[in-house]
Number of protein chains: 2
Amino acid sequence: MNLENKHKEIHTHQECKTFILPVRDVLELIGGKWRLPIIIALSFQNHRFKELERQIVGITPRMLSKELKDLEVNGLVNRTVFDTMPVSVEYSLTDYGKSLDKVIETIRDWGVKHRTKIITDETR
Amino acid sequence: MNLENKHKEIHTHQECKTFILPVRDVLELIGGKWRLPIIIALSFQNHRFKELERQIVGITPRMLSKELKDLEVNGLVNRTVFDTMPVSVEYSLTDYGKSLDKVIETIRDWGVKHRTKIITDETR
DNA sequence: CTGTATCCCATGTGATACTG
DNA sequence: CAGTATCACATGGGATACAG
(Lines give C-alpha, C1' and ligand atoms only; values in the text may rest on other atoms or scores of the structure.)
Protein backbone atom coordinates (compact mmCIF):
# COMPACT_ATOMS: atom_id res chain seq x y z
CA MET A 1 0.00 0.00 0.00
CA ASN A 2 1.45 3.35 -0.98
CA LEU A 3 1.44 6.62 0.92
CA GLU A 4 -1.54 8.07 -0.87
CA ASN A 5 -3.72 5.16 0.09
CA LYS A 6 -2.43 5.32 3.63
CA HIS A 7 -3.59 8.90 3.83
CA LYS A 8 -7.14 7.96 3.20
CA GLU A 9 -7.06 6.07 6.47
CA ILE A 10 -5.55 8.81 8.55
CA HIS A 11 -8.04 11.16 10.08
CA THR A 12 -7.06 11.65 13.69
CA HIS A 13 -3.91 12.98 15.25
CA GLN A 14 -3.39 9.63 16.93
CA GLU A 15 -3.51 7.77 13.65
CA CYS A 16 -1.13 10.24 12.09
CA LYS A 17 1.28 9.83 14.99
CA THR A 18 1.08 6.07 14.66
CA PHE A 19 1.88 6.45 11.00
CA ILE A 20 4.97 8.54 11.65
CA LEU A 21 6.41 6.70 14.65
CA PRO A 22 8.06 3.81 12.73
CA VAL A 23 9.72 6.33 10.42
CA ARG A 24 11.08 8.27 13.38
CA ASP A 25 12.44 5.04 14.84
CA VAL A 26 14.52 4.40 11.76
CA LEU A 27 15.68 7.99 11.53
CA GLU A 28 16.85 7.84 15.13
CA LEU A 29 18.51 4.50 14.51
CA ILE A 30 20.65 5.69 11.60
CA GLY A 31 20.61 9.41 12.38
CA GLY A 32 23.28 11.40 14.12
CA LYS A 33 26.73 12.16 12.86
CA TRP A 34 28.42 8.77 13.19
CA ARG A 35 25.87 5.95 12.86
CA LEU A 36 25.94 5.80 9.08
CA PRO A 37 29.74 5.89 8.80
CA ILE A 38 29.96 3.08 11.34
CA ILE A 39 27.32 0.97 9.62
CA ILE A 40 28.90 1.49 6.21
CA ALA A 41 32.37 0.69 7.52
CA LEU A 42 31.10 -2.52 9.10
CA SER A 43 29.11 -3.53 6.04
CA PHE A 44 32.35 -3.31 4.14
CA GLN A 45 34.07 -5.65 6.57
CA ASN A 46 34.32 -6.48 10.25
CA HIS A 47 36.54 -4.23 12.30
CA ARG A 48 38.15 -3.91 15.69
CA PHE A 49 37.70 -0.81 17.78
CA LYS A 50 40.95 0.83 16.80
CA GLU A 51 40.46 -0.04 13.15
CA LEU A 52 37.07 1.65 13.16
CA GLU A 53 38.61 4.68 14.82
CA ARG A 54 41.11 4.88 11.98
CA GLN A 55 38.53 4.20 9.25
CA ILE A 56 36.09 6.79 10.45
CA VAL A 57 38.13 9.94 10.22
CA GLY A 58 37.38 12.45 12.96
CA ILE A 59 35.50 10.25 15.40
CA THR A 60 36.65 10.23 19.01
CA PRO A 61 36.81 7.03 21.08
CA ARG A 62 34.06 8.46 23.25
CA MET A 63 31.59 8.75 20.38
CA LEU A 64 32.68 5.51 18.77
CA SER A 65 32.14 3.65 22.03
CA LYS A 66 28.77 5.28 22.64
CA GLU A 67 27.45 4.71 19.12
CA LEU A 68 28.63 1.11 18.97
CA LYS A 69 26.86 0.45 22.24
CA ASP A 70 23.64 1.99 20.92
CA LEU A 71 23.86 0.03 17.68
CA GLU A 72 24.50 -3.16 19.65
CA VAL A 73 21.54 -2.54 21.95
CA ASN A 74 19.36 -2.07 18.89
CA GLY A 75 20.52 -5.36 17.44
CA LEU A 76 22.33 -3.94 14.44
CA VAL A 77 25.85 -4.73 15.56
CA ASN A 78 27.58 -7.74 17.11
CA ARG A 79 30.39 -7.35 19.60
CA THR A 80 32.75 -10.28 19.89
CA VAL A 81 35.50 -10.38 22.51
CA PHE A 82 38.56 -12.49 21.82
CA ASP A 83 40.48 -13.75 24.81
CA THR A 84 43.85 -12.63 23.55
CA MET A 85 46.42 -10.64 25.47
CA PRO A 86 45.55 -7.87 25.49
CA VAL A 87 41.90 -8.44 24.64
CA SER A 88 40.73 -7.68 21.14
CA VAL A 89 37.15 -6.92 20.21
CA GLU A 90 35.60 -7.37 16.83
CA TYR A 91 32.51 -5.56 15.66
CA SER A 92 30.31 -6.81 12.85
CA LEU A 93 26.89 -6.16 11.40
CA THR A 94 24.15 -8.56 12.40
CA ASP A 95 21.91 -9.93 9.66
CA TYR A 96 19.40 -7.47 10.95
CA GLY A 97 21.90 -4.66 10.56
CA LYS A 98 22.61 -5.83 7.02
CA SER A 99 18.90 -5.71 6.25
CA LEU A 100 19.16 -1.93 6.56
CA ASP A 101 21.26 -1.86 3.41
CA LYS A 102 18.30 -1.73 1.07
CA VAL A 103 16.74 1.09 3.08
CA ILE A 104 19.96 3.07 2.98
CA GLU A 105 20.26 2.38 -0.71
CA THR A 106 16.76 3.71 -1.35
CA ILE A 107 17.52 6.85 0.61
CA ARG A 108 20.79 7.22 -1.22
CA ASP A 109 19.16 6.90 -4.64
CA TRP A 110 16.89 9.82 -3.89
CA GLY A 111 19.79 11.72 -2.35
CA VAL A 112 21.93 11.32 -5.44
CA LYS A 113 19.15 12.70 -7.64
CA HIS A 114 18.71 15.50 -5.13
CA ARG A 115 22.40 16.43 -5.36
CA THR A 116 22.15 16.46 -9.14
CA LYS A 117 19.09 18.68 -8.96
CA ILE A 118 20.75 21.12 -6.58
CA ILE A 119 23.84 21.43 -8.76
CA THR A 120 21.69 21.88 -11.86
CA ASP A 121 19.56 24.51 -10.17
CA GLU A 122 22.57 26.44 -8.94
CA THR A 123 24.47 26.56 -12.19
CA ARG A 124 21.41 27.54 -14.17
CA MET B 1 23.58 -1.81 -8.03
CA ASN B 2 23.22 -2.89 -4.42
CA LEU B 3 25.25 -1.90 -1.39
CA GLU B 4 27.46 -4.96 -1.44
CA ASN B 5 28.60 -4.23 -4.96
CA LYS B 6 29.09 -0.60 -4.06
CA HIS B 7 31.45 -1.66 -1.31
CA LYS B 8 33.75 -3.32 -3.74
CA GLU B 9 34.36 0.09 -5.21
CA ILE B 10 35.02 1.88 -1.98
CA HIS B 11 38.58 1.82 -0.82
CA THR B 12 39.50 5.30 0.29
CA HIS B 13 38.04 7.55 2.94
CA GLN B 14 37.15 10.06 0.27
CA GLU B 15 35.16 7.51 -1.71
CA CYS B 16 33.39 6.39 1.43
CA LYS B 17 32.52 9.99 2.27
CA THR B 18 31.18 10.53 -1.22
CA PHE B 19 29.07 7.44 -0.78
CA ILE B 20 27.55 8.65 2.45
CA LEU B 21 27.00 12.30 1.59
CA PRO B 22 23.77 11.90 -0.43
CA VAL B 23 22.31 9.83 2.41
CA ARG B 24 23.17 12.51 4.94
CA ASP B 25 21.51 15.09 2.70
CA VAL B 26 18.23 13.24 2.83
CA LEU B 27 18.49 12.61 6.55
CA GLU B 28 19.01 16.32 7.15
CA LEU B 29 16.16 17.15 4.81
CA ILE B 30 13.58 15.03 6.61
CA GLY B 31 15.29 14.85 10.00
CA GLY B 32 14.53 16.90 13.05
CA LYS B 33 11.42 16.80 15.14
CA TRP B 34 8.91 18.49 12.84
CA ARG B 35 9.84 17.96 9.19
CA LEU B 36 8.17 14.59 8.83
CA PRO B 37 4.93 15.66 10.54
CA ILE B 38 4.76 18.69 8.26
CA ILE B 39 5.47 16.70 5.11
CA ILE B 40 2.93 14.05 6.04
CA ALA B 41 0.29 16.64 6.89
CA LEU B 42 0.84 18.38 3.56
CA SER B 43 0.84 15.13 1.61
CA PHE B 44 -2.57 14.50 3.07
CA GLN B 45 -3.84 17.85 1.85
CA ASN B 46 -2.81 21.46 1.44
CA HIS B 47 -2.99 23.58 4.55
CA ARG B 48 -2.84 27.14 5.76
CA PHE B 49 -0.43 28.15 8.48
CA LYS B 50 -2.94 28.03 11.30
CA GLU B 51 -4.38 24.74 10.06
CA LEU B 52 -0.94 23.17 10.14
CA GLU B 53 -0.41 24.51 13.63
CA ARG B 54 -3.60 22.76 14.70
CA GLN B 55 -2.84 19.55 12.80
CA ILE B 56 0.65 19.16 14.17
CA VAL B 57 0.02 18.94 17.88
CA GLY B 58 2.71 20.55 19.99
CA ILE B 59 4.46 22.64 17.35
CA THR B 60 4.97 26.33 18.05
CA PRO B 61 4.52 29.00 15.38
CA ARG B 62 8.23 29.68 15.64
CA MET B 63 9.22 26.16 14.65
CA LEU B 64 6.47 25.82 12.08
CA SER B 65 7.57 29.02 10.40
CA LYS B 66 11.23 28.02 10.46
CA GLU B 67 10.69 24.50 9.16
CA LEU B 68 8.31 25.61 6.41
CA LYS B 69 10.91 28.12 5.26
CA ASP B 70 13.60 25.43 5.18
CA LEU B 71 11.35 23.02 3.30
CA GLU B 72 10.49 25.76 0.84
CA VAL B 73 14.13 26.66 0.26
CA ASN B 74 14.83 23.00 -0.43
CA GLY B 75 12.06 22.86 -2.99
CA LEU B 76 9.82 20.45 -1.14
CA VAL B 77 7.07 22.90 -0.26
CA ASN B 78 5.18 25.61 -2.13
CA ARG B 79 4.03 28.77 -0.42
CA THR B 80 1.11 30.56 -2.03
CA VAL B 81 -0.15 33.90 -0.79
CA PHE B 82 -3.75 34.85 -1.44
CA ASP B 83 -4.56 38.52 -1.54
CA THR B 84 -7.49 38.32 0.82
CA MET B 85 -8.13 40.49 3.84
CA PRO B 86 -6.36 39.55 5.98
CA VAL B 87 -3.90 37.63 3.83
CA SER B 88 -4.11 33.86 3.77
CA VAL B 89 -1.22 31.60 2.90
CA GLU B 90 -1.49 28.08 1.61
CA TYR B 91 1.27 25.53 1.85
CA SER B 92 1.46 22.50 -0.41
CA LEU B 93 3.96 19.84 -1.38
CA THR B 94 5.77 20.34 -4.66
CA ASP B 95 5.97 17.39 -7.04
CA TYR B 96 9.50 17.08 -5.81
CA GLY B 97 8.27 16.92 -2.23
CA LYS B 98 5.77 14.28 -3.21
CA SER B 99 8.55 12.23 -4.74
CA LEU B 100 9.85 11.71 -1.22
CA ASP B 101 6.78 9.61 -0.46
CA LYS B 102 8.27 6.39 -1.77
CA VAL B 103 11.46 6.97 0.23
CA ILE B 104 9.46 7.58 3.39
CA GLU B 105 7.38 4.52 2.65
CA THR B 106 10.49 2.35 2.31
CA ILE B 107 11.84 3.67 5.60
CA ARG B 108 8.48 3.11 7.20
CA ASP B 109 8.23 -0.49 6.01
CA TRP B 110 11.50 -1.34 7.71
CA GLY B 111 10.46 0.66 10.77
CA VAL B 112 7.20 -1.24 11.12
CA LYS B 113 9.05 -4.56 11.05
CA HIS B 114 11.52 -3.13 13.52
CA ARG B 115 8.71 -2.20 15.93
CA THR B 116 7.28 -5.68 15.63
CA LYS B 117 10.69 -7.18 16.32
CA ILE B 118 11.24 -5.01 19.40
CA ILE B 119 7.87 -5.89 20.87
CA THR B 120 8.44 -9.58 20.14
CA ASP B 121 11.89 -9.47 21.72
CA GLU B 122 10.62 -7.71 24.83
CA THR B 123 7.68 -9.97 25.55
CA ARG B 124 9.72 -13.10 24.98
C1' DC C 1 44.13 -2.10 22.86
C1' DT C 2 39.49 -0.98 24.44
C1' DG C 3 37.35 1.86 26.26
C1' DT C 4 35.57 5.68 30.35
C1' DA C 5 35.34 10.34 32.86
C1' DT C 6 35.04 15.08 32.83
C1' DC C 7 34.28 19.35 31.19
C1' DC C 8 32.76 22.49 27.48
C1' DC C 9 30.37 24.42 23.69
C1' DA C 10 27.14 24.71 19.61
C1' DT C 11 22.87 23.79 17.99
C1' DG C 12 17.94 22.59 18.13
C1' DT C 13 13.86 23.36 20.30
C1' DG C 14 10.50 25.39 23.75
C1' DA C 15 7.96 29.44 26.07
C1' DT C 16 6.22 33.66 25.83
C1' DA C 17 5.24 37.91 24.12
C1' DC C 18 4.69 40.71 20.32
C1' DT C 19 3.86 42.86 15.13
C1' DG C 20 1.76 43.86 10.44
C1' DC D 1 -4.23 35.32 10.32
C1' DA D 2 0.69 34.71 9.57
C1' DG D 3 4.27 35.07 11.37
C1' DT D 4 8.83 37.36 14.33
C1' DA D 5 11.73 38.49 18.59
C1' DT D 6 13.73 37.24 22.68
C1' DC D 7 15.21 34.43 26.15
C1' DA D 8 15.95 29.87 28.20
C1' DC D 9 17.17 25.13 28.30
C1' DA D 10 18.28 20.29 26.83
C1' DT D 11 20.85 17.48 24.00
C1' DG D 12 24.56 16.11 20.81
C1' DG D 13 28.91 16.13 20.17
C1' DG D 14 34.12 17.66 20.81
C1' DA D 15 38.64 17.84 23.63
C1' DT D 16 41.39 15.99 26.77
C1' DA D 17 42.93 13.06 30.10
C1' DC D 18 42.77 8.76 32.24
C1' DA D 19 41.81 3.40 33.43
C1' DG D 20 41.80 -1.78 33.02
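These values consider heavy atoms only, across backbone and side chains, with no hydrogens, waters or symmetry-generated copies. Every chain is numbered from 1 and lettered A, B, ... according to where its sequence line falls, protein lines coming before strand lines.
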| Which pairs pass salt bridge (charged side-chain N to carboxylate O under 4.0 Å, His left out) with one or both residues in residues 24-46 of chain B, sequence neighbours excluded? | A:Arg115-B:Asp25, B:Arg35-B:Glu67, B:Arg35-B:Asp70
| Are B:Ile38 and B:Val73 connected in a single hydrophobic cluster, I mean Ile/Leu/Val/Met/Phe/Trp/Tyr linked by side-chain heavy atoms less than 4.5 Å apart? | no
| query | How far apart are the C-alpha atoms of A:Lys113 and A:Asp109, what are their side-chain angles, what is the distance that settles it, and do they pass the salt bridge (charged side-chain N to carboxylate O under 4.0 Å, His left out) test? | reply | CA-CA 7 Å; A:Lys113 284 182 214 146; A:Asp109 285 344; over 6 Å; no
| query | Applying the 4.5 Å side-chain criterion to the ILVMFWY set and letting contacts propagate, would B:Ile20 and A:Ile119 be lumped into a single cluster? | reply | no
| Spacing between A:Arg48 atom CZ and C:dG3 atom C1', to the nearest angstrom | 13 Å
| Interface residues of residues 52-75 of chain B with DNA chain C (non-hydrogen, below 4.0 angstrom) | B:Arg62, B:Met63
| field | Parallel, tilted or perpendicular: ring planes of B:Tyr96 versus A:His114, cut at 30 and 60 degrees | value | parallel
| Stretch residues 25-35 of chain B: residues that reach within less than 4.0 Å of DNA chain C through a heavy atom | B:Gly32, B:Lys33, B:Trp34
| Can you list every pair that meets salt bridge (charged side-chain N to carboxylate O under 4.0 Å, His left out) and has a residue in residues 78-91 of chain A, with sequence neighbours left out? | none
| remark: To the nearest 10 degrees, the angle between the two end axes of the helix from C:dC1-D:dG20 to C:dG20-D:dC1 (five pairs per end) comes to 40°
| task | Please work out if A:Tyr91 contacts a base, only the sugar-phosphate, or nothing of the nucleic acid, heavy-atom cut-off 4.0 Å. | result | sugar-phosphate
| message | Taking B:Val112's backbone N and O only, do any of them form a donor-acceptor pair with B:Thr116's side chain (distance below 3.5 Å, no angle check)? | response | yes
| message | If we ignore hydrogens and angles and just use 3.5 Å, is the side chain of A:Thr123 paired with the main-chain N or O of A:Thr120 as donor and acceptor? | response | yes
| remark: Rounding to 0.5 Å, atoms CG (B:Asp95) and CG (B:Leu76) come to a distance of 11.5 Å
| request: Decide yes or no for A:Phe49 and A:Val89: does some side-chain heavy atom of the first lie under 4.5 Å from some side-chain heavy atom of the second? | output: no
| query | Are the side chain of A:Thr94 and the backbone N or O of A:Gly75 linked by a donor-acceptor pair below 3.5 Å? | reply | yes
| remark: Contacted region of DNA chain D by chain B, from 5' end to 3' end of the hits, cut-off under 4.0 Å to heavy atoms, spans D:dC1 to D:dT6
| task | Please confirm whether the backbone N or O of B:Tyr91 pairs with a side-chain atom of B:Arg48, one donor and one acceptor, at under 3.5 Å? | result | no
| request: Decide salt bridge (charged side-chain N to carboxylate O under 4.0 Å, His left out) for B:Glu53 and B:Lys50; before the verdict, give the C-alpha distance in whole Å, the side-chain angles of both, and the deciding distance to 0.1 Å. | output: CA-CA 5 Å; B:Glu53 201 180 334; B:Lys50 196 67 178 180; 3.8 Å; yes
